[in-house]
Amino acid sequence: MKQISCTFVVGAGGALLLQLRDDKAPYYPEVWGLPGGAIEDGETPGEAAARELWEEARIRAEGELTLFARQELPAEGRVKHYFFGRTVATQADVVLGEGAAMVFVPGDEVLGRPFTPGTAEMIARFLGSAEYRAAAGDAA
(Lines give C-alpha, C1' and ligand atoms only; values in the text may rest on other atoms or scores of the structure.)
Protein backbone atom coordinates (compact mmCIF):
# COMPACT_ATOMS: atom_id res chain seq x y z
CA MET A 1 0.00 0.00 0.00
CA LYS A 2 1.16 3.50 -0.79
CA GLN A 3 2.17 5.47 2.31
CA ILE A 4 0.97 9.09 2.56
CA SER A 5 1.68 11.73 5.22
CA CYS A 6 -0.43 14.83 5.71
CA THR A 7 -0.69 17.56 8.32
CA PHE A 8 -3.33 19.38 10.28
CA VAL A 9 -1.71 22.82 10.50
CA VAL A 10 -3.41 24.90 13.18
CA GLY A 11 -3.06 28.63 12.79
CA ALA A 12 -4.42 31.70 14.56
CA GLY A 13 -7.90 31.33 15.97
CA GLY A 14 -7.85 27.58 15.40
CA ALA A 15 -7.93 27.86 11.60
CA LEU A 16 -6.81 24.80 9.62
CA LEU A 17 -4.69 24.98 6.50
CA LEU A 18 -6.49 23.32 3.56
CA GLN A 19 -5.37 22.68 0.01
CA LEU A 20 -7.64 22.81 -3.02
CA ARG A 21 -6.18 20.35 -5.49
CA ASP A 22 -5.92 21.67 -9.03
CA ASP A 23 -7.35 20.13 -12.19
CA LYS A 24 -3.96 18.56 -12.99
CA ALA A 25 -3.75 16.48 -9.78
CA PRO A 26 -3.25 12.80 -10.68
CA TYR A 27 -5.67 11.79 -7.91
CA TYR A 28 -8.86 13.58 -6.87
CA PRO A 29 -8.53 16.79 -8.88
CA GLU A 30 -10.49 19.84 -7.76
CA VAL A 31 -11.29 18.54 -4.27
CA TRP A 32 -9.99 19.67 -0.90
CA GLY A 33 -7.36 17.97 1.20
CA LEU A 34 -4.58 18.63 3.68
CA PRO A 35 -1.00 19.53 2.81
CA GLY A 36 0.75 16.22 2.25
CA GLY A 37 1.87 13.54 -0.13
CA ALA A 38 3.81 10.34 -0.65
CA ILE A 39 6.49 9.22 1.76
CA GLU A 40 9.76 8.95 -0.15
CA ASP A 41 12.31 6.14 0.23
CA GLY A 42 14.36 6.63 3.39
CA GLU A 43 11.90 9.09 4.96
CA THR A 44 9.91 8.62 8.11
CA PRO A 45 6.22 9.59 7.96
CA GLY A 46 6.99 12.64 10.12
CA GLU A 47 9.82 13.78 7.86
CA ALA A 48 7.54 13.42 4.84
CA ALA A 49 4.80 15.47 6.50
CA ALA A 50 7.22 18.32 7.28
CA ARG A 51 8.77 18.18 3.79
CA GLU A 52 5.38 18.21 2.04
CA LEU A 53 4.19 21.13 4.17
CA TRP A 54 7.26 23.13 3.17
CA GLU A 55 7.04 22.18 -0.52
CA GLU A 56 3.32 22.92 -0.80
CA ALA A 57 2.93 26.02 1.42
CA ARG A 58 6.45 27.24 2.36
CA ILE A 59 5.58 27.25 6.05
CA ARG A 60 6.71 25.20 9.04
CA ALA A 61 5.03 24.17 12.24
CA GLU A 62 6.34 25.28 15.61
CA GLY A 63 8.47 22.39 16.85
CA GLU A 64 8.08 18.78 15.78
CA LEU A 65 4.92 17.55 14.11
CA THR A 66 3.02 15.04 16.25
CA LEU A 67 1.27 11.94 14.94
CA PHE A 68 -2.50 12.19 15.40
CA ALA A 69 -3.74 9.05 13.63
CA ARG A 70 -3.03 6.42 11.01
CA GLN A 71 -5.79 5.53 8.57
CA GLU A 72 -5.91 2.50 6.29
CA LEU A 73 -7.83 2.99 3.07
CA PRO A 74 -7.70 -0.45 1.39
CA ALA A 75 -10.06 0.56 -1.43
CA GLU A 76 -7.61 3.35 -2.31
CA GLY A 77 -4.49 1.22 -1.78
CA ARG A 78 -3.23 3.81 0.71
CA VAL A 79 -2.27 4.26 4.32
CA LYS A 80 -2.45 7.87 5.51
CA HIS A 81 -0.49 9.20 8.46
CA TYR A 82 -2.05 12.36 9.93
CA PHE A 83 0.23 14.71 11.84
CA PHE A 84 -0.58 17.99 13.53
CA GLY A 85 1.25 21.10 14.55
CA ARG A 86 0.69 24.72 15.39
CA THR A 87 2.06 27.59 13.33
CA VAL A 88 2.42 31.34 13.76
CA ALA A 89 2.33 31.66 9.96
CA THR A 90 -0.57 33.61 8.51
CA GLN A 91 -2.22 33.50 5.11
CA ALA A 92 0.23 36.19 3.97
CA ASP A 93 3.12 33.77 4.70
CA VAL A 94 1.72 30.95 2.56
CA VAL A 95 3.42 30.49 -0.81
CA LEU A 96 1.41 28.12 -2.99
CA GLY A 97 3.72 25.38 -4.21
CA GLU A 98 1.12 22.91 -5.42
CA GLY A 99 -2.60 22.90 -6.12
CA ALA A 100 -5.12 25.61 -6.94
CA ALA A 101 -5.19 27.16 -3.44
CA MET A 102 -3.77 26.78 0.07
CA VAL A 103 -5.85 28.63 2.65
CA PHE A 104 -6.37 28.89 6.38
CA VAL A 105 -10.06 28.15 7.06
CA PRO A 106 -11.77 28.78 10.43
CA GLY A 107 -12.36 25.48 12.21
CA ASP A 108 -16.14 25.84 12.16
CA GLU A 109 -16.11 26.39 8.36
CA VAL A 110 -13.88 23.46 7.35
CA LEU A 111 -16.38 20.65 6.87
CA GLY A 112 -19.06 20.54 4.18
CA ARG A 113 -16.79 20.68 1.13
CA PRO A 114 -15.62 17.75 -1.05
CA PHE A 115 -12.48 16.10 0.38
CA THR A 116 -10.07 13.38 -0.67
CA PRO A 117 -11.07 9.88 0.62
CA GLY A 118 -10.92 9.55 4.39
CA THR A 119 -10.04 13.20 4.97
CA ALA A 120 -13.43 14.57 6.10
CA GLU A 121 -13.74 11.78 8.67
CA MET A 122 -10.30 12.51 10.08
CA ILE A 123 -10.85 16.28 10.08
CA ALA A 124 -14.06 15.84 12.08
CA ARG A 125 -12.20 13.60 14.52
CA PHE A 126 -9.34 16.09 14.82
CA LEU A 127 -11.62 19.10 15.34
CA GLY A 128 -13.30 17.25 18.23
CA SER A 129 -10.01 16.24 19.85
CA ALA A 130 -8.05 17.44 22.84
CA GLU A 131 -5.07 17.80 20.49
CA TYR A 132 -6.93 20.37 18.38
CA ARG A 133 -8.14 22.28 21.44
CA ALA A 134 -4.59 22.42 22.79
CA ALA A 135 -3.11 23.52 19.45
CA ALA A 136 -5.84 26.14 18.93
CA GLY A 137 -5.49 27.50 22.45
CA ASP A 138 -8.42 29.57 23.67
CA ALA A 139 -9.82 29.95 20.16
CA ALA A 140 -11.30 26.43 19.82
Side-chain angles (χ1 to χ4, degrees):
M1 286 226 250
K2 187 168 186 169
Q3 301 284 314
I4 305 292
S5 282
C6 50
T7 305
F8 295 111
V9 180
V10 183
L16 288 185
L17 187 64
L18 299 181
Q19 178 193 51
L20 177 59
R21 299 168 64 81
D22 65 24
D23 61 355
K24 295 166 192 63
Y27 302 100
Y28 313 105
E30 300 178 326
V31 300
W32 291 89
L34 298 168
I39 299 171
E40 295 179 356
D41 288 342
E43 269 185 327
T44 67
E47 290 167 343
R51 175 185 52 76
E52 289 284 347
L53 178 59
W54 179 252
E55 288 176 359
E56 294 180 359
R58 286 293 186 252
I59 63 170
R60 299 195 191 284
E62 296 175 2
E64 293 289 317
L65 294 173
T66 303
L67 182 64
F68 176 71
R70 183 178 177 274
Q71 179 186 45
E72 292 191 21
L73 298 166
E76 305 297 321
R78 297 171 183 259
V79 175
K80 291 172 80 173
H81 305 265
Y82 292 84
F83 289 83
F84 73 95
R86 180 170 175 72
T87 188
V88 296
T90 66
Q91 188 65 51
D93 298 313
V94 174
V95 176
L96 181 64
E98 184 177 309
M102 187 77 68
V103 295
F104 280 101
V105 177
D108 61 354
E109 297 176 17
V110 169
L111 296 173
R113 60 192 76 215
F115 282 104
T116 55
T119 302
E121 170 191 333
M122 293 306 292
I123 289 173
R125 187 171 149 196
F126 182 68
L127 289 173
S129 72
E131 291 90 341
Y132 171 69
R133 288 188 297 279
D138 296 332

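Not measured: the values here are computed from a predicted model. All residue numbers in this chain count up from 1 along the given sequence.
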If you look at every heavy atom in [X] and [Y], which pair is closest and at what distance?
{"X": "I39", "Y": "A48", "answer": "CG1-CB, 3.7 Å"}
{"X": "A49", "Y": "S5", "answer": "N-CB, 3.7 Å"}
{"X": "M122", "Y": "A69", "answer": "CE-CB, 3.1 Å"}
{"X": "L111", "Y": "A124", "answer": "CD1-CB, 3.9 Å"}

Quick check for you: to the nearest 0.5 Å, what is the distance between [X] atom [atom1] and [Y] atom [atom2]?
{"X": "E30", "Y": "L20", "atom1": "CD", "atom2": "CG", "result": "7.5 Å"}
{"X": "E52", "Y": "I4", "atom1": "CD", "atom2": "CD1", "result": "8.0 Å"}
{"X": "R113", "Y": "I123", "atom1": "CZ", "atom2": "CD1", "result": "8.5 Å"}

With R125 as the cation and Y82 as the aromatic partner, state whether NZ or CZ is under 6.0 Å from the six-membered ring centre and within 45° of the axis.
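R125 over Y82 ring: no.
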
Partners passing salt bridge (Lys or Arg N to Asp or Glu O under 4.0 Å) against E47 (at least two apart in sequence or in another chain):
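For E47 there are no salt bridge (Lys or Arg N to Asp or Glu O under 4.0 Å) partners, ignoring immediate neighbours.
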
Can you sort out the partners of R51 under salt bridge (Lys or Arg N to Asp or Glu O under 4.0 Å), two or more places apart, ordered by chain and number?
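With sequence neighbours excluded, R51 shows a salt bridge (Lys or Arg N to Asp or Glu O under 4.0 Å) to E40, E43, E55, given in chain and number order.
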
By ring pair (Phe, Tyr, Trp, His ring centres under 6.0 Å) - contacts of F115 (at least two apart)
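Checked F115 against ring pair (Phe, Tyr, Trp, His ring centres under 6.0 Å); zero matches.
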
Partner set under ring pair (Phe, Tyr, Trp, His ring centres under 6.0 Å) for F83, not counting sequence neighbours
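If we apply the ring pair (Phe, Tyr, Trp, His ring centres under 6.0 Å) test to F83, skipping adjacent residues, there are no hits.
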
Any chance you could pull the hydrophobic cluster mates of [X], using side-chain heavy atoms under 4.5 angstrom and chaining through other members?
{"X": "L73", "value": "none"}
{"X": "V79", "value": "M1"}
{"X": "V9", "value": "L17, L53, I59, V94, L96, M102, F104"}

Do the side chains of L127 and L16 get nearer than 4.5 Å, heavy atoms only?
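Of all side-chain heavy-atom pairs linking L127 with L16, at least one is under 4.5 Å.
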
With T116 via side chain to side chain contact (heavy atoms under 4.5 Å, CB included) - residues at least two apart:
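T116 satisfies side chain to side chain contact (heavy atoms under 4.5 Å, CB included) with R21, Y28, V31, K80, T119 only.
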
For F68, does its backbone N or O pair with a side-chain atom of E131 as donor and acceptor, under 3.5 Å?
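Side chain of E131 to backbone of F68: no pair is present.
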
With no hydrogens and no angle check, is any side-chain donor or acceptor of R133 less than 3.5 Å from a backbone partner on S129?
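Yes, R133 side chain to S129 backbone: donor-acceptor pair under 3.5 Å.
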
Please name all residues satisfying side chain to side chain donor-acceptor pair (under 3.5 Å) with R70, sequence neighbours left out, ordered by chain then number.
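Applying side chain to side chain donor-acceptor pair (under 3.5 Å) to R70 gives E72.
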
Residues forming a side chain to side chain donor-acceptor pair (under 3.5 Å) with E121, sequence neighbours excluded:
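If we apply the side chain to side chain donor-acceptor pair (under 3.5 Å) test to E121, skipping adjacent residues, there are no hits.
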
For residues 60-69, which residue pairs pass the side chain to side chain donor-acceptor pair (under 3.5 Å) check, not counting sequence neighbours?
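Passing the test, one end in residues 60-69: no pairs.
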
Listing request: all side chain to side chain donor-acceptor pair (under 3.5 Å) pairs with a residue in residues 90-111, at least two apart in sequence or in separate chains.
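Every side chain to side chain donor-acceptor pair (under 3.5 Å) pair that includes a residue of residues 90-111, provided the two are not neighbours, is T90-D93.
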
State yes or no: are the ring centers of F8 and Y132 separated by less than 6.0 Å?
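No, the ring centres sit 6.0 Å or more apart.
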
Quick one: do F84 and L34 satisfy side-chain contact (heavy atoms from CB on, under 4.5 Å)? Show the steps, please.
CA-CA 11 Å; F84 73 95; L34 298 168; over 6 Å; no

